[in-house]
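What follows is one structure encoded as C-alpha cells, with my remarks underneath.
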Number of protein chains: 2
Amino acid sequence: MKTRDKILLASLELFNERGERNVTTNHIAAHLAISPGNLYYHFRNKSDIIYEIFQAYEKLVDYYLDIPEDRALTLDDLTFYLESVFDGLWSYRFFHRDLEYLLDSDPRLRRDYREFTERCLAAITLIFEKMAEAGIIEPQPEELRRAMSLNVWLVITNWMAYLKTAHAADGPSGLSLAELKQGIYQVLTLEIPYLTPAYRERVLALREKYRPRRVAVEPVAG
Amino acid sequence: MKTRDKILLASLELFNERGERNVTTNHIAAHLAISPGNLYYHFRNKSDIIYEIFQAYEKLVDYYLDIPEDRALTLDDLTFYLESVFDGLWSYRFFHRDLEYLLDSDPRLRRDYREFTERCLAAITLIFEKMAEAGIIEPQPEELRRAMSLNVWLVITNWMAYLKTAHAADGPSGLSLAELKQGIYQVLTLEIPYLTPAYRERVLALREKYRPRRVAVEPVAG
DNA sequence: GACTCCCTAGAGTATATACTCTAATAATAC
DNA sequence: GTATTATTAGAGTATATACTCTAGGGAGTC
C-alpha cells in the first residue's frame, strides 16, 4: 500500500480509538514507523488528513443513501439503510465526537458537512415518503415529515455519544458495533405510531432484534 | 465577588464562547487580569474548574426537573420543564460540546455525568407518566415510555450541535437562546402521535410557538 | 555515469499549555 | 504592634504539538 494511503488508514484507526484530540501527527508517524517529515511530505497538515477522511465518509454514506426512485421501498431496504448508516457511523466514529472543533478549524469541512447533513436529511425524508407510498407508514404532511426526519438524524448522530458517556463501562473496553446498532431500536421507536396495521407487526419484530440487552454492570474489584 | 467565584464565572463564559478546548488557564487568568499563580491558588487544575462548573449545572437541572408527585401535571408544567432544560443547556452549553473528552479526562465527572443522565431520563419518563395521568397523552407501556424518553434526551442533547454544525451561519455571530429553544419544536414533534384529542390542539399550538423561522442565508459580500 | 524525480529520515523549531515556585502584600487574630 | 494566615504577582519550566528543513537514498532514463 502507498504511504499516503497508509497514513489515512492509520489516522482513521487512531482517531477512532483515541479521539482526534488525543492523536498527534507525530503519533501517526510513530505508529507507522515513518518520520514526521515523511508524513508532511504527503499531507500539508493535520486538517488535510481529516478533510480527506471526511470525504471518504461522505462518499460512503452518499453511496448507502442513494435511494432508487424507480421502485417501491421494502422492509429489507429500510433495514439496509439503517444498518448501513450505523456501519458508516462506526467506521468513522471519531468524526462526530469532535465535530464542532473540527468544523471550527476547517472552513471547507464546515461547508461540506453542512451540505452533507442536508443531503442526509433529504434522504431520510425521502425514505419516509417512500415508506408511506409502500404502505409501511401512514402518509404525513410535509412539515411533519421534515421534523420527523430531523429527529431521526438527531437520534442517529447522538446515539454513540450517549453510549460512550452515559452507558458504557468506564474501562477501556470501549464500544462494539453491535451496541452501536442498538441505535436502530431507538430510530424505529420513532416510527411506531405511524406504522400501518399491515406492517406494524413486521416492523416491531425488526425493532425487537435491536433491543438492548440489559448488560449487568461488573462490580469493580478492589 | 470572591476571586474564586470570578474564576468559575469567567471560565464558564469563555468556555461557552470559544469551547473548552480553545480556552487555557492562562486565558482565563488574563481575562480576569489576575496572575496564573493566583488562579492555581484557587484551583488545583483545569479539571477541577470544569468539575465544579458541572456540579452547578447538575444542581440547576436537578432543581428544574424536581417533579412534584402530589398533583397532576399541567401544560404549563410541561412548558416550564422544556423551557428550563433548554435554559440550562444554554447556560452551560460548552459542556456537551466536548463531553467525551471531558469525561475521558476526569473519572469523577464520568461517574457523576452518568448518574446525572440516569436522573434526567427518569425525570423524563416520569413526566410522560404524569402526562398520561393528566390525560395529555395516551398511556403507553413502560418499555415504550422508556425508549421514548431516551429519544427525547437524545434530541435535546444533540439539538445544539445540530444548530452549530449544520444550520447556523459560518460567521462568528454564533447562536441565540431563541434559536436553541426551537429544539422544543423537535421535542414536541416526538409527542404528537400520542396526544389525546382533548389536548391535541393545545399542544400543537404550543409547539407552533417554537417553529423555526426559515432564516434567509445572507449572501456573503465579496 | 549523470540527471531527475519521488520518497524518506531525522534533527530541529517556534509556539503553546498546564502548572510551579518564590516572594511579596493584604487581611486577620491576638 | 506582631504573628499568622490568606491571597496575589509574575517569572519560570517541563512537556507537547504541529510543522520545517536539509540531506540523501532508490529507481528509472538517457
Side-chain angles (χ1 to χ4, degrees), chain A residues 1-54 94-95 97-110, chain B residues 1-54 94-95 97-110:
Chain A
M1 198 190 313
K2 297 240 181 193
T3 301
R4 192 188 154 79
D5 295 324
K6 279 199 246 174
I7 293 171
L8 288 171
L9 220 65
S11 300
L12 177 57
E13 187 188 327
L14 292 175
F15 289 161
N16 279 339
E17 254 173 36
R18 306 182 202 166
E20 177 271 340
R21 185 172 182 170
N22 300 315
V23 175
T24 73
T25 48
N26 291 344
H27 288 147
I28 299 166
H31 185 77
L32 288 170
I34 66 173
S35 63
N38 195 353
L39 186 146
Y40 279 90
Y41 171 78
H42 291 284
F43 293 93
R44 274 200 2 257
N45 51 44
K46 199 179 170 188
S47 261
D48 276 8
I49 299 177
I50 293 166
Y51 185 57
E52 206 146 314
I53 293 178
F54 167 71
F94 84 94
F95 191 69
R97 172 175 169 161
D98 289 305
L99 187 54
E100 291 192 44
Y101 176 82
L102 295 176
L103 300 196
D104 279 348
S105 322
D106 189 341
R108 296 170 303 177
L109 198 58
R110 177 176 291 282
Chain B
M1 199 190 312
K2 297 241 181 195
T3 302
R4 193 188 153 81
D5 295 324
K6 280 198 249 175
I7 293 172
L8 288 172
L9 220 65
S11 300
L12 176 57
E13 187 188 326
L14 292 175
F15 289 162
N16 278 339
E17 255 172 37
R18 307 182 202 166
E20 178 272 340
R21 185 173 183 173
N22 300 315
V23 175
T24 73
T25 49
N26 291 344
H27 287 146
I28 299 166
H31 185 76
L32 289 169
I34 66 173
S35 63
N38 195 354
L39 187 147
Y40 279 91
Y41 171 76
H42 290 284
F43 294 93
R44 273 197 7 254
N45 51 43
K46 199 179 170 187
S47 261
D48 276 8
I49 298 178
I50 293 165
Y51 185 57
E52 206 146 314
I53 293 179
F54 167 71
F94 84 94
F95 191 70
R97 173 176 169 159
D98 289 305
L99 187 55
E100 290 191 44
Y101 174 82
L102 295 177
L103 300 195
D104 279 348
S105 323
D106 190 340
R108 296 169 303 175
L109 199 58
R110 176 176 292 283

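In the text below, chain A, chain B and the rest are named by the order of the sequence lines, each starting its count at 1.
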Expressed as a whole number of angstroms, how long is the span from [X]:[atom1] to [N]:[atom2]?
X	N	atom1	atom2	result
B:Lys2	C:dA26	NZ	P	17 Å
A:Phe43	D:dT20	CZ	C1'	18 Å
B:Arg21	D:dA16	CZ	C1'	14 Å
A:Asp48	D:dT20	CG	P	11 Å
A:Ile7	C:dA9	CD1	C1'	13 Å
A:Arg44	D:dC21	CZ	C1'	17 Å
A:Leu32	C:dT8	CG	P	11 Å
A:Tyr40	C:dT13	OH	P	17 Å

When you check the phosphate oxygens OP1 and OP2 of [N], does a side-chain N or O of [X] lie under 4.0 Å from one of them?
X	N	answer
A:Ser35	C:dA9	yes
A:Tyr41	C:dC7	yes
B:Asn38	D:dA9	yes
B:Thr25	C:dC19	no

Looking only at side-chain atoms of [X], point me to the closest of [options].
X	options	result
B:Asn26	C:dT20, C:dT17, D:dA18	C:dT17
B:Thr3	C:dA9, D:dT8, D:dG10	D:dT8
A:His42	C:dC19, C:dT8, D:dC19	C:dT8
A:His27	D:dT17, C:dT17, D:dT7	D:dT17

**Message:** For B:Phe95 and B:Phe54, take the angle between the two ring planes, folded into 0 to 90°, and tell me which bin it lands in: parallel under 30, tilted 30 to 60, perpendicular over 60.
**Reply:** parallel
**Item:** Validation row: A:Leu99, B:Arg97 side chains within 4.5 angstrom (heavy atoms)
**Value:** no
**Request:** State, yes or no, whether a side-chain contact exists between A:Arg4 and A:Phe43 at a heavy-atom distance under 4.5 Å.
**Result:**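 Counting from C-beta outward, A:Arg4 and A:Phe43 do come under 4.5 Å.
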**Message:** Regarding A:Ala33, tell me which of base, sugar-phosphate or nothing describes its non-hydrogen contacts under 4.0 Å with the strands shown.
**Reply:**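 It contacts sugar-phosphate atoms only.
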**Message:** Mind checking if B:Ile34 touches a base, just sugar-phosphate, or nothing, with heavy atoms under 4.0 Å?
**Reply:**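 Sugar-phosphate contact only - B:Ile34 comes under 4.0 Å of backbone atoms but never of a base.
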**Message:** Could you tell me if B:Arg21 sits above the aromatic ring of B:Tyr101, with its cationic atom closer than 6.0 Å to the ring centre and no more than 45 degrees from the axis?
**Reply:**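 Not flagged: B:Arg21 not positioned over aromatic ring of B:Tyr101.
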**Which atom of A:Ile7 lies closest to which atom of A:Ser11, heavy atoms considered** = O-OG, 2.6 Å
